[in-house]
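Structure, as structure tokens:
When a ligand or atom number is given, it counts from 1 through the structure's own listing order.
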Amino acid sequence: MTQSDPQDLNLYFAELEQEARQAASALSTPEAVEEFRLVWLGRKQGKLKQLSDSLLKSAAPEARREIGQRFNALKSVVESLLEDAAGAGPSDSALAAEAIDITLPSTRGLLGAEHPITRTMNEIVQVFAALGYSVGVGPEVETDFYNFESMNFPPGHPARDTQDTLVIANQERRPLRDRLLLRTHTSPVQMRTMEQQPPPLRIVIPGKVHRNEADDATHSSTFHQVEGLCVDTNITFSDLKGTLDHAMKALFGSSVKTRFFPSFFPFTEPSADVQISCIFCGGKGCRRCKQSGWIELLGCGMVDPAVFAFAAEKQPGYDPKKISGFAFGMGVERIAMMKYGVSDIGQFFSGDMRFLEQFA
Ligand code: PHE
């Protein structure tokens, strides 16, 4: 080809354009489109680059204009071919290969659900929240001081034997009051809260507790409690009875009755155990209430002045001569077992999906 002959130039560029069009029409995959781009427009090895190097740069100045115009025309043809091919997306056959059947049922992920213990605990908390109680929490690994001493279980006192304790190992070098244990009840959070907040105080404390107990159908070494504490001027045993009677009706239905029996806890005086009329037989007597018509459900009492004395060391407002209060504590598993008809406490901790799915 002679560079200056327009005929030759026309033919040469027409052939190149034809070649590009043919190649572009065969592009069916994104990879092929990219390959096309490289072959034609690649910055180092592309055909157009080579063309410009061989033809354009070496052309005599008079011929440059002619060649340049044709070169630019070809370049924009190639660019628009590339644009069309890229925009067209994958070919029908490529699409068919990737197609999915949207009418097939999906593999469904399981939806999470609240654990029955969590649900029951929240329900109990809700009943007291509606009475104006706030919610408090404390650590599961507790000191001897908060779990026992400040709750009026002095070191060596036999009442400590009522809550067989799991202790953290290698604490012997610490003073007894600082030794760590797994809290046996939520009552230590009574003291932690009073140290932080002056009276009046109304608080519920849901949480996990641990005792060194052999597991059976009704006992688990790990279980949950909801604690309550109410402190103000002139709080009386009647307030305690009215509050718990209301709470039991809210939890088990308005026909439920309550009765209070003398009991003992180091941190309350007087102390009581609360029974509710049997929710299974309505009080007539059945297997579930051992024919008595009553079911024992929680412990409670008026806060012992010795407990207030410990709190008053940090918050002088807890002067037992000026204020009074009541406290209560209930086991969540026991209540959940009654509400949902669960006969083995171990089910709550088994992680067995067949059990848990029933609460979803
Ligand atoms: N902490 C007691 C227990 O675990 C329950 C309780 C709490 C009793 C508050 C009275 C007042 O057995």
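Taking the ring axis of Tyr146 as reference, the NZ or CZ atom of Arg192 stays within 45° of it and closer than 6.0 Å to the ring centre. For the pair Arg70 and Phe13, the cation does not sit on the ring face, since its NZ or CZ is not both under 6.0 Å from the ring centre and inside 45° of the axis.
The shortest distance between side-chain heavy atoms of Phe145 and Leu176 does not fall below 4.5 Å.
Ring-plane geometry between Phe349 and His224 is classed as parallel, the angle between the planes falling under 30 degrees on a 0 to 90 degree scale with a further cut at 60.
By the ring pair (Phe, Tyr, Trp, His ring centres under 6.0 Å) test, Phe252 is found to be paired with no residue, residues two or more places apart in sequence or in another chain being considered.
The aromatic ring centroids of Phe359 and Tyr340 lie less than 6.0 Å from each other.
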Contacts table for ligand 1: protein N or O within a distance under 3.5 Å of ligand N or O, distances only.
| from | atom 1 | to | atom 2 | distance (Å) |
| --- | --- | --- | --- | --- |
| ligand 1 | 1 (N) | His185 | ND1 | 3.0 |
| ligand 1 | 1 (N) | Ser187 | OG | 2.9 |
| ligand 1 | 4 (O) | Arg211 | NH2 | 3.0 |
| ligand 1 | 4 (O) | Gln225 | NE2 | 2.9 |

